[in-house]
Each structure stands twice: as structure tokens, then as C-alpha cells.
Amino acid sequence: MAKLTVSDLDVKDKKVLMRVDFNVPVKDGVIGDDNRIVAALPTIKYIIEHDGKAILFSHLGRVKTEDDKKALTMRPVAQRLSDLLGKPVTFVPATRGKQLEDAIADMKDGDVLLFENTRFEDLDGKKESGNNAELGQYWASLGDEFVNDAFGTAHREHASNVGIATAMKAANKPVAAGFLMEKEIKFLGNAVDNPKHPFVAILGGAKVSDKIGVIDHLLDKADKVIIGGGMTYTFYAAKGLKIGNSLVEKDKIDLAKQILAKAGDKIVLPTDNVVAEKFDNDVPSKVVEGDIPDGYMALDIGPKSIKAFEDVLKDAKTVVWNGPMGVFEMSNYAKGTLEVGKFLGTLSDATTIVGGGDSTAAVKQLGVGDKLTHISTGGGASLEYLEGKTLPGIAAISDK
């Protein structure tokens, strides 16, 4: 990889600023899912085991009013991190000022400090999400080195990633990727730029408009692009099939026609669907082939489509999956997504990469996460990476 990584740095006796992605679900002070905290542990442990001082910071949710601060404090995250590391983590309930500066000055080698939600700075003119230069410079002044391990925010240009990196570089201080960021760049980057063939992309979700750039980019790289989820029916409409009351983006039908014309036989669409008269888990459903009957809407792919998709996947050497095959949150329409996830877990000879909330939830529900090569931690970031876009958070990391 051409980017500087944390293992290239000499962290001993250094104050290492580390942008993490601790944007975890917190309700009434209780963390619902600590996966993102766990994902950052290897980089944190590397810094403290090599006698560096780890100064961590992250955003949590969207902070729009003073009232949001109570629910969106990082305090419960600091406690969970302390449990996971088996050592104290100093929490500083501030994003700048004397309390934070004194706490950093008091740190000893191997100590860990987490300061308050970076988005608290958004209450004063969106300084964090607007990449305020003064804020980026201030945060950069608190450390000797900067490690960005927050791939989930790599597609954003914020003060806590790009702002700090810019100021650090101007002061000739190193800016490196953490191990998680390095892994994301390696797997997603290789999948798109240097895949082993056959390369199959599976794209699901509700809207063609969300995935247009990805489909277009991957058509030049992949051997097959499997399409599922709600966006299927915009392609159905483009092919002249009846779609009943299924989800459709009427203003994208012409675009879908152009994609189908460009793709030839590369695009694989479902041939049968599970349909119902209402968007409801409790109404009767049935499987239909081809046209969707009037009065019905398609809510999942059918058994023949699952089999056809598996036939395409069985010889694949690289698979990238982003987005569900149906209405995954309803148990009667989750089968398509779950079967695809289960099948990916059997592909021992392929590089299998999963990104996006529902796809990730499916592989976790199935317990096949350890059988896949990589589960991406960034939904929007992984999508933009698959689209071939330059992500500002990655671009700001120093080259080797």
C-alpha cells in the first residue's frame, strides 16, 4: 500500500492523535453494538504497547441542539473501551481548552485518553463537519503524530480527519493510516482495481439512484453484476416487464435502459419474486415469475433467482456485496438476503467483501462473518470507494 501506516511510525514517547470511528448506537448510556470499538483495538493496542500516548476522538450521531449533548456524549464509549482494553481510559468531557490540554500533558507512555464528541463543535457554526481550518489546526497542535483509523468517515471532509491531516503535514508531522483503514484500502481497493477473476458484484437496496455510480464503475471491472432489492424493478420497467405496485424510480427508467444496453449479459436480474398486496410482513405472499401482477408488489427475490445467483457466484474468485436482496427487516422477505450471505460463507477459494448495513447485519445474523474475507466498517465510504471516487480522508494520509 502506498500510504504511510501506523507501523511505519516511531510512537514511543509521542502524543499520537487518533481519529477513530466510535459512532456506535447508544441508548440511555448503554451501547447496543460495540463492533466499531472492537475494530479499532489493534491500532490502539499497537500505539500503547509501543509506549505511545493514544489520544482518541470520534463523532457520535448528529449534534444539532444543546439538548443532543446529553444523549450523544462519548462517556459510555470510554467506559466500554476501558473494559475492552482492560485498563483505565481517561475521558475528557471537552473538545478544546485547558481541561483537555492539561489532561494530555499529564499522560504517561501507554496511557489512553478519549475526548468528547467532535460534533459538539457543530453547534458553533458547523466547525467539525464544515472542516473549519482553525479547529483542525488546534486539534493538530495537541499531538506529535496523527493516525486516521476511521474509514467510516473517509468520504467526509471534516476538521477531525482532513483538517488535522492538513495542519499536521504543514508542520512536517506524520499522518498515517491505522490498521483498520489499511485493511479497508487493501481489500476494497484491490477488489476494484486489481480483482482476481471471475469478479462478481452483488448490489441491492431500494434505489438505482443510490448505486448508479457503482454499477457504472463496476461494469468495466466485473464479470457479472447481480442486482437485487427494490432497484430491480426500475430495471424490470426498463425491460418492459410489468412491475405492479413495486418500488420504481420512474425518472431513472431511461438510465436503466442505457445501463442494460451497455452491460450486455453482465447484469443478472432476478427472474422470480416474492410478492404481496401490501408492504406488510403479515399479509399472504406468493412467488411469481416474470411480470409482477397488478395490485402486487415485489418484496424479495424468489427461489429460482437465489439458485441462479448461486450458480453465478460458485466459481467467483472475488465477490463484493453491498445491499439487501429484499425487505430484509421483515422476516418473511429476508430469505433472499440471508441465502446470499450463507452462500458467500461457503466460498472458501474467493475473496469475499461485504459492506452496507443490511448486508453486514445478514452475515452477522447468520454467524458467517468469520468465513468472509472482509466486512467493511463504512457504509457510505465503501460505496463511494466502489464507485472509484477519491475519498478525502484517505487522500489526506501521507504517502510512503
Side-chain angles (χ1 to χ4, degrees), residues 1-22 40 43-44 46-47 50-59 92 94-105 107 109 113-122 124-182 184-185 189 378 381 384-385 389-400:
M1 193 179 86
K3 293 289 180 185
L4 201 66
T5 68
V6 64
S7 51
D8 297 317
L9 303 180
D10 175 11
V11 300
K12 187 175 169 60
D13 302 330
K14 301 284 199 312
K15 291 178 290 201
V16 184
L17 298 169
M18 182 175 163
R19 175 59 160 104
V20 287
D21 181 8
F22 286 170
T43 308
I44 298 167
Y46 180 88
I47 292 167
H50 288 79
D51 296 326
K53 303 173 178 82
I55 302 158
L56 315 178
F57 47 98
S58 172
H59 76 289
V92 181
T95 51
R96 59 166 92 204
K98 188 175 188 312
Q99 183 184 9
L100 176 60
E101 291 157 23
D102 288 351
I104 290 171
M107 289 177 81
D109 293 348
L113 176 150
L114 175 69
F115 68 77
E116 191 52 280
N117 186 346
T118 58
R119 291 239 175 115
F120 282 16
E121 289 284 345
D122 274 357
D124 181 18
K126 287 206 182 287
K127 287 196 167 140
E128 155 68 321
S129 53
N131 191 17
N132 177 273
E134 178 268 328
L135 180 61
Q137 208 138 16
Y138 171 73
W139 279 336
S141 73
L142 301 173
D144 305 309
E145 301 172 337
F146 177 42
V147 173
N148 189 351
D149 212 21
F151 178 74
T153 65
H155 59 316
R156 306 273 186 231
E157 201 165 324
H158 288 174
S160 62
N161 59 1
V162 175
I164 294 177
T166 304
M168 292 298 259
K169 284 173 166 176
N172 283 322
K173 294 176 181 178
V175 177
F179 294 127
L180 178 63
M181 182 76 90
E182 180 184 17
E184 295 275 11
I185 295 169
E384 290 197 15
Y385 213 28
K389 287 185 175 174
T390 299
L391 305 191
I394 294 175
I397 296 166
S398 302
D399 294 324
K400 281 202 187 202

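Starting from 1, each residue takes its place in the sequence as its number. Predicted model, so just to flag it, every value in this text is computed and none were measured.
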Backbone of [Y] reached by a side-chain donor or acceptor of [X] within 3.5 Å:
X    : Y    : answer
Y138 : G97  : yes
D122 : S129 : yes
T43  : G178 : no
E128 : H158 : no
D51  : D13  : no
W139 : T95  : yes
D8   : K400 : no
K127 : E134 : no
K169 : A396 : yes

Roughly how far, to the nearest 0.5 Å, is the [atom2] atom of [Y] from the [atom1] atom of [X]?
X    : Y    : atom1 : atom2 : result
S141 : K15  : OG    : NZ    : 8.5 Å
I397 : L4   : CD1   : CG    : 9.0 Å
L9   : I47  : CG    : CD1   : 8.0 Å
T166 : Q137 : OG1   : CD    : 9.5 Å
L17  : I164 : CG    : CD1   : 6.0 Å
L100 : F115 : CG    : CZ    : 6.0 Å

For [X] and [Y], work out which heavy atoms get closest and say how close.
X    : Y    : value
V175 : M168 : CG2-CB, 3.7 Å
M107 : K53  : O-CE, 3.2 Å
A381 : F151 : CB-O, 3.2 Å
M181 : A154 : CE-CB, 4.4 Å
A395 : K3   : O-NZ, 3.5 Å
A103 : V92  : CB-CG2, 3.7 Å

request  = Flag the pair R19 and D149 as a salt bridge only when some basic side-chain nitrogen lies within less than 4.0 angstrom of an acidic carboxylate oxygen.
outcome  =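 Between D149 and R19 there is no salt bridge, as every charged N stays at least 4.0 Å from the carboxylate O atoms.
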Worksheet entry | Matching residue for L114 among L56, I55, I44 - test: side chain to side chain contact (heavy atoms under 4.5 Å, CB included) |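 Answer to the side chain to side chain contact (heavy atoms under 4.5 Å, CB included) test with L114 among L56, I55, I44: L56.
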### Query
Where does the angle between the aromatic ring planes of F146 and F57 fall among parallel (under 30°), tilted (30 to 60°) and perpendicular (over 60°)?
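Rings of F146 and F57: parallel, as their planes differ by under 30°.
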Can you confirm whether [X] sits close enough to [Y] that some side-chain heavy atom of one is under 4.5 Å from a side-chain heavy atom of the other?
X    : Y    : answer
L391 : Y385 : yes
T118 : L135 : no
D21  : H59  : yes

